[in-house]
Amino acid sequence: MRDTRTPFLLFAPAFALLGFVLLSPVVYAGWFSLQRIEYGAPTGYAGLLNFRRLFDGETLGATFGRTALHTGLSVVLTIAIALALAVWIDRLRPRVGFIVQTIVIVPWIVSTVVATLLFRWVFVNDIGIAAYLIGTVTGGVSGLLTEPGGAMGLLVVVSVWKRIGYAVIVLLAGLKSIPDELEEAARIDGASGWQVFRRITLPLLKTPLLLTAVVLTLSNINTVETPLILTGGGPRDATRVLAIDVYERAFAIFDLGSATALALVMFAGNILLVLAYVKLSRWRA
Amino acid sequence: MTAPVSRLKIGRTARAALTGLLCLLVLANLLPLVWGVLTSIKGDADLFRFPPTFFGFTPTLEHYERVIASGFLGSMGATVFYAAVTVTATLALALPAAYAFDRFEFPFRQTLFMLVVASIPLSLGAAALLIPNYVYFVQIGLTNTWFVLPLIYTAHQLPMAIWIVKGVIEGIPRELDEAAIVDGGTHADILRHVMLPLSRPALGAAGVLAFVGTWNEFVAGSVMVDAPDLKPVQPMIYSFIGFFGREWGPLTASATLAILPILIAFAFLGRHIVSGLTKGAVKG
């Protein structure tokens with residue numbers, strides 16, 4: 001159908017909303033970040049002042065480092081565990097596989113606030129059940145949440161636990177799209193289970209694996225709730241990652257100028273990931 | 001002849017061990033949830049007993065009473081309202097847009113659809129988008145209104161919904177719309193009488209995802225509204241952490257109440273959630 005007016009009228013409301021909520025705030029924030037901000041209100045052009053102030057106190061580099069550590073570990077572990085689970089579920093009888101898949105998804109559909117709160121309760125230092133179990137095994141008193149390394153480790157554990165279900169679904173869909181004949185033919189030719197996985201399954205899963213990695217990276221970098229509720233960024237800044245840094249700049253110390261500048265830096269990083277996502281998702285209109 | 005047999009045996013033991021390990025992993029998956037629900041029905045004496053116990057305590061609803069007395073049901077009501085508006089608006093905007101992208105040729109069609117696809121992960125970037133959203137909405141006076149959260153949530157859920165619904169419209173034969181046109185029907189008629197009934201599974205999947213996304217959202221809900229009767233569930237739980245401090249009874253009770261609608265939705269519409277995710281296969 002060659003008719004430009006009708007499709008325009010059909011998609012215009014959707015695009016108007018997306019433009020208003022996702023795009024126009026970024027444009028406004030670009031202007032806002034170049035202003036001197038006093039008590040939350042712009043009071044005149046200030047150039048790159050807000051961006052320069054990000055480097056005050058030299059804490060930003062360490063925050064980036066912790067973000068890279070948290071996100072890198074979380075993404076790698078999530079994908080490794082999800083891949084093992086997906087391959088396993090794929091081989092189960094359909095009915096059993098569906099039940100296992102359902103159980104695996106549950107943490108993903110529970111809110112991050114609730115999930116993190118429950119983890120904090122399980123690991124709370126003196127009366128938590130995990131602290132008790134770890135204490136009986138090691139004979140010592142566990143203080144995961146009060147030690148810098150332990151807190152970061154726990155942050156990674158919660159992040160992985162929360163997102164395994166998502167990764168399993170995407171990878172399982174990828175596995176199901178691989179024709180059984182390919183793997184069978186390789187087996188008949190004498191390939192071992194591991195060889196089949198390494199030479200046939202894994203290469204064919206490349207796109208879903210990369211897509212999962214992009215989405216997990218984006219979602220780990222941008223999640224405020226997990227560090228906010230689990231540790232509040234502590235102990236002694238050990239878990240202060242970018243998401244909580246930007247949130248606290250804006251809503252704990254009310255420095256909207258530098259918060260906006262940092263948010264825009266994060267946004268630029270997000271755009272790179274979004275471009276990778278668009279390339280990988282093989283969309284067609 | 002013996003070599004393959006023993007190799008098979010080793011394979012079998014290894015496989016059994018691996019299966020056991022994976023089963024354990026799946027069970028450990030649910031442990032924090034089960035432990036949270038158990039905690040919420042323990043009296044204070046059982047709650048702080050050390051070592052912790054799974055069984056042998058008298059269940060009580062006292063923590064639920066305290067949580068409800070603190071206004072938690074009001075928050076749940078507000079969130080149900082936000083979710084209802086978001087799901088309705090998302091589907092109402094997604095269906096015509098998906099129809100336009102699948103059935104029409106127009107300039108910049110590819111570019112515009114690429115923007116829809118790009119918006120799917122973009123709305124995941126909550127921390128980066130939140131501050132611009134906040135300063136802009138403060139500037140134009142949208143914060144602290146009843147519609148600001150549904151507005152934001154609908155924009156977050158819409159791109160994924162367009163993608164899912166378009167995937168299903170692709171499979172609806174074009175002969176059906178052509179027949180409707182021949183019978184003198186308009187595009188609105190096609191949308192109502194052909195697309196709406198035939199894309200119901202996709203609308204269901206997109207709707208359930210939008211509901212879960214809205215119910216679980218935290219950052220926008222915590223900064224865009226202040227008034228207690230506008231606060232959604234997740235920020236309410238967060239403020240309980242400050243309010244109840246180390247009283248884990250009320251905290252786990254509020255967490256349990258907040259999971260309940262999600263688990264109910266999941267129990268009845270779990271297949272929709274899985275199929276929606278698999279179709280879009282795109283959100284974290």
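Chain identifiers are assigned alphabetically (A, B, ...) following the order of the sequence lines, protein sequences preceding nucleic acid strands; residue numbering begins at 1 within each chain.
For chain A, the nearby parts of B:Leu22 are the backbone and the side chain; heavy atoms of each come within less than 4.5 Å. If you measure heavy-atom distances from A:Ile81 to chain B, the contacts under 4.5 Å come from the side chain alone. For B:Leu260, no part sits under 4.5 Å from any heavy atom of chain A, backbone or side chain. Heavy atoms closer than 4.5 Å to chain A are found in the side chain of B:Trp248, but not in its backbone. Residue contact with chain B, scored on non-hydrogen atoms closer than 4.5 Å, involves the backbone and the side chain of A:Phe267 alike. Both the backbone and the side chain of B:Leu122 come within contact range of chain A, each with at least one heavy atom under 4.5 Å from a heavy atom of that chain. For a residue to count as touching a neighbouring chain, one of its non-hydrogen atoms must lie under 4.5 Å from one of that chain's; by this rule A:Ile271 touches chain B with the side chain only. Residue B:Glu217: no heavy atom, backbone or side chain, is found under 4.5 Å from chain A. For B:Leu95, no part sits under 4.5 Å from any heavy atom of chain A, backbone or side chain.
Of the listed residues (B:Cys23, B:Gly36, B:Ala118), the one with the most heavy-atom contacts under 4.5 Å to chain A is B:Ala118. Counting heavy-atom pairs closer than 4.5 Å to chain B, the top-ranked of the candidates A:Thr223, A:Val110, A:Leu273 is A:Val110. Contact count versus chain B (heavy atoms, under 4.5 Å) is highest, among A:Val278, A:Thr112, A:Val274, for A:Val274. Comparing A:Pro107, A:Ala167, A:Pro25 by heavy-atom pairs within less than 4.5 Å of chain B, the highest count is held by A:Pro25. The most heavy-atom pairs under 4.5 Å with chain A, out of B:Ile262, B:Val135, B:Val212, come from B:Val135. The choice from B:Leu31, B:Leu30, B:Leu115 that makes the most heavy-atom pairs within less than 4.5 Å of chain A is B:Leu30. When B:Asn216, B:Val138, B:Thr256, B:Ile241 are compared by the number of non-hydrogen pairs under 4.5 Å with chain A, B:Asn216 comes out ahead. Here B:Asn29 is the residue among B:Asn133, B:Asn29, B:Leu27, B:Leu151 with the most heavy-atom pairs under 4.5 Å with chain A. Of the listed residues (B:Ile237, B:Thr19, B:Ile140, B:Val223), the greatest number of heavy-atom pairs within a distance under 4.5 Å of chain A belongs to B:Val223. Here A:Leu228 is the residue among A:Leu228, A:Ile164, A:Leu172 with the most heavy-atom pairs under 4.5 Å with chain B.
Side-chain atoms of A:Trp121 and B:Thr39 include a donor-acceptor pair closer than 3.5 Å. No side-chain N or O of A:Thr6 forms a donor-acceptor pair with one of B:Tyr99 less than 3.5 Å apart.
Within the 4.5 Å cutoff, side-chain heavy atoms of B:Phe266 are placed close to those of A:Thr102. Within the 4.5 Å cutoff, the side chain of B:Ile162 has no heavy atoms near those of the A:Phe11 side chain. Taking the side chain as every heavy atom from C-beta outward, B:Pro159 and A:Leu18 approach each other to under 4.5 Å.
With rounding to the nearest 0.5 Å, the separation of OH in B:Tyr136 from OG in A:Ser24 is 4.0 Å. A distance of 11.5 Å separates OG1 in A:Thr116 from OH in B:Tyr238, rounded to the nearest 0.5 Å. How far CG of A:Leu264 is from CD1 of B:Ile131: 10.0 Å, rounded to the nearest 0.5 Å.
In this structure, A:Phe8 has its ring center at least 6.0 angstrom away from the ring center of B:Phe106. If you look at B:Phe137 and A:Phe20, their ring centroids are closer than 6.0 Å. Aromatic ring centres of A:Phe251 and B:Tyr134 lie closer together than 6.0 Å.
Within a 6.0 Å radius of NZ in A:Lys176, other residues, nucleotides and ligands contribute more than 12 heavy atoms.
When all heavy atoms of B:Ser222 and A:Tyr247 are compared, the pair lying nearest together is OG-OH, 3.2 Å. When all heavy atoms of A:Leu17 and B:Ala155 are compared, the pair lying nearest together is CD2-N, 3.7 Å. Closest non-hydrogen pair, B:Ala255 versus A:Leu118, comes out as CB-CD2, 4.3 Å. The heavy-atom pair separating A:Phe15 from B:Leu112 by the smallest distance is CZ-O, 3.4 Å. Closest approach of B:Ala100 to A:Pro7, counting heavy atoms only: CB-O, 3.8 Å. Shortest non-hydrogen contact noted between A:Val21 and B:Ile152 is CG1-CA, 4.0 Å.
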Set out, in order, the CA-CA distance, both residues' side-chain angles and the distance that settles side-chain contact (heavy atoms from CB on, under 4.5 Å) for B:Phe104 and A:Leu10, then state yes or no.
CA-CA 10 Å; B:Phe104 291 86; A:Leu10 287 168; 3.8 Å; yes
Is there a side-chain contact (heavy atoms from CB on, under 4.5 Å) between A:Leu22 and B:Ser119? Walk through the geometry before answering.
CA-CA 8 Å; A:Leu22 299 182; B:Ser119 303; 4.0 Å; yes
side-chain contact (heavy atoms from CB on, under 4.5 Å) between A:Val26 and B:Leu129, worked out:
CA-CA 7 Å; A:Val26 178; B:Leu129 267 180; 3.9 Å; yes
Pair B:Thr252-A:Leu117, side-chain contact (heavy atoms from CB on, under 4.5 Å): steps then yes or no:
CA-CA 8 Å; B:Thr252 48; A:Leu117 182 73; 5.9 Å; no
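Each of A:Val158, A:Val122, A:Val114 was scored for a side chain to side chain contact (heavy atoms under 4.5 Å, CB included) with B:Pro32, with one residue passing: A:Val122.
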